[in-house]
Amino acid sequence: MPHLLRDRVTWLTYAQLGAWGYFLYGFGPIVPLLRDENHVSSAVAGLHSTAMAAGSMIGGAVAPFLLRRFGRGNAIWASLGGVVACVVAFAALHGLAYTLPLAGVITIFGIVLVTGVVAALNERHGAAAPAAITEANAAATGAGLVAPFVIGLTVSAGAGWRPGLLSLVAVIGALALAAFAFRVRLPAGEVVAGPGRGRRRPLGRAYQLAWIMMAVTGSVEAGLSLWAADLLRDRDGMSAGAAAQAISAIVAGMFLGRFIGARLSLRIAPLRLYFTALITSAAGFAVFWTTTTPAVAVAGLLLLGLGNAMHYPIAIALALKIVPDQPDRAAAVASYSMGISFGAGPLVLGAAADLVGVRLAFLIVPLLLIAAGALAWRLGHVMLRPAAPAVLEPQPA
């Protein structure tokens, strides 16, 4: 059984990913406030999500180069510096002409950060990497529980959302100060300064399956976060505020699921744990979809989050295991799947809701879970096949 050694570098990377989670989960409650502040429709305000999806695609494209060229440690700290700059700009500048492009730019920095952290944890922990990656995502989710609370406090106090978001600057500053004081340095990884890098081999069929798994389950997470509140309002009669607050049950479930899942991943094979997570999500959806009692629906969302918690950590850990010689590239290309899912998932579910109503539209969720299970089953068979021998180019005598 693999053992997870949590050294100072590991704790630092957890905290760095947590800083990004603080923004990512904290920005969601800010979007409706931006809508009201700019006197625009919800659809226009929702373009912030589209900008972030575009930013994730760009970030995935540039991350491998930046991580190779400057080293993981430098790239991660520079990305956190970029996050700080963008947060300050969010607070200082007013109007969608600024906030929309800023949403895209900060996501580019975030994707470089996530790519570097995931690749570093994978390299540092070997067989225990799934547990380390899961714990890192638990840290991000935990920060996601704190951020809306802090922002809500500053709004309730009459100071608006800006001081709440700016608290992230203090968090990152304290993190950098602690790393300096305790002399914790992130490993550089592979640094390539010259133009000649050798030809990269294709990521392969198994990686493609893991990639699609991330896109499919990412669509479930994104669709639920955007539209579950509507079902709670329309079917269960909850107020808009109560329905929005109920969505935090998903985040709480994800935090709990990743906290428990990190330990389970040291004892249970990844694909078996993945199937367990899918079944848990399906059970949570069944409770959420069938009940008309608000409290039971929230319990269903909590169970859904518990299952959803392990979808991404296991899939990304498998993707990195499949191509161990290209961790930075594998992690960066994985960000494309998340960009697609967070861009397309809510759009498809919203279009279906317009056609058949939000309750029937949510039947897309179990279909996606079944599709993810079929992909994982296929991945298991592909990974069992013996690898083809490498074809080496003849060397000059």
Side-chain angles (χ1 to χ4, degrees), residues 24-25 27-33 35-36 41-50 52-53 141 144-145 148 152 215-257 277-309 311-312 338 341-373:
L24 196 61
Y25 288 96
F27 189 67
I30 290 174
V31 172
L33 301 177
R35 175 196 61 197
D36 298 341
S41 67
S42 296
V44 172
L47 290 176
H48 287 92
S49 177
T50 305
M52 294 177 75
T141 309
L145 287 171
V216 170
T217 53
S219 296
V220 172
E221 182 180 341
L224 283 167
S225 65
L226 198 61
W227 295 111
D230 270 12
L231 183 56
L232 292 173
R233 292 169 58 186
D234 294 348
R235 184 197 62 189
D236 300 338
M238 294 179 69
S239 67
Q245 291 174 344
I247 303 305
S248 64
I250 300 177
V251 182
M254 290 180 66
F255 173 72
L256 182 62
L278 290 176
I279 292 170
T280 304
S281 294
F285 174 80
V287 172
F288 168 67
W289 194 75
T290 57
T291 188
T292 56
T293 305
V296 177
V298 172
L301 290 177
L302 182 69
L303 188 58
L304 251 172
L306 198 66
N308 290 354
H311 297 165
Y312 171 76
M338 303 310 294
S341 64
F342 278 75
L347 179 64
V348 171
L349 192 56
D354 289 338
L355 291 174
V356 298
V358 67
R359 186 169 187 270
L360 288 179
F362 262 101
L363 289 177
I364 292 175
V365 170
L367 294 178
L368 291 172
L369 294 175
I370 292 171

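Nearest heavy-atom pair, L232 versus A297, reported as atom, atom and distance to 0.1 Å: CD2-CB, 3.6 Å. Taking both residues in full, the closest heavy atoms of S281 and G307 are given as OG-C, 3.2 Å, listed atom of the first, atom of the second, then distance. Scanning both residues, T290 and R359, for their nearest heavy atoms gives CA-NH2, 4.1 Å. A pairwise comparison of heavy atoms in A361 and A353 identifies CB-N, 3.5 Å as the closest pair. Between S41 and R35 the shortest heavy-atom distance is O-CG, 3.8 Å. Of all non-hydrogen atoms in P148 and Y25, the two that sit nearest each other are CG-O, 3.9 Å.
Atom CG of L301 is separated from atom CD1 of I250 by 4.5 Å, given to the nearest 0.5 angstrom.
In this structure, F362 and L224 have side chains that are in contact, with non-hydrogen atoms separated by less than 4.5 Å. Under the 4.5 Å side-chain criterion, counting only non-hydrogen atoms from C-beta, H311 is not in contact with V216. By the 4.5 Å heavy-atom criterion applied to side chains, L231 and F288 are counted as neighbours.
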### Query
Stepwise, does the side-chain contact (heavy atoms from CB on, under 4.5 Å) test hold for V31 with F27?
CA-CA 7 Å; V31 172; F27 189 67; 3.7 Å; yes
### Test log, rule side-chain contact (heavy atoms from CB on, under 4.5 Å), inputs I364 and L368
CA-CA 6 Å; I364 292 175; L368 291 172; 3.8 Å; yes
### Query
Are Y312 and M338 close enough, and set up right, to give a side-chain contact (heavy atoms from CB on, under 4.5 Å), and what steps lead you there?
CA-CA 9 Å; Y312 171 76; M338 303 310 294; 4.0 Å; yes
### Task
Give the intermediate values and the outcome of side-chain contact (heavy atoms from CB on, under 4.5 Å) for residues T291 and R235.
CA-CA 9 Å; T291 188; R235 184 197 62 189; 4.1 Å; yes
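L256 is linked by a side chain to side chain contact (heavy atoms under 4.5 Å, CB included) to I260, L306, counting only residues two or more places apart in sequence or in another chain. Residues satisfying the side-chain hydrogen bond (donor to acceptor under 3.5 Å, both in side chains) criterion with T141, sequence neighbours excluded, are R258. In terms of the side-chain hydrogen bond (donor to acceptor under 3.5 Å, both in side chains) criterion, T217 has no residue partners (sequence neighbours excluded).
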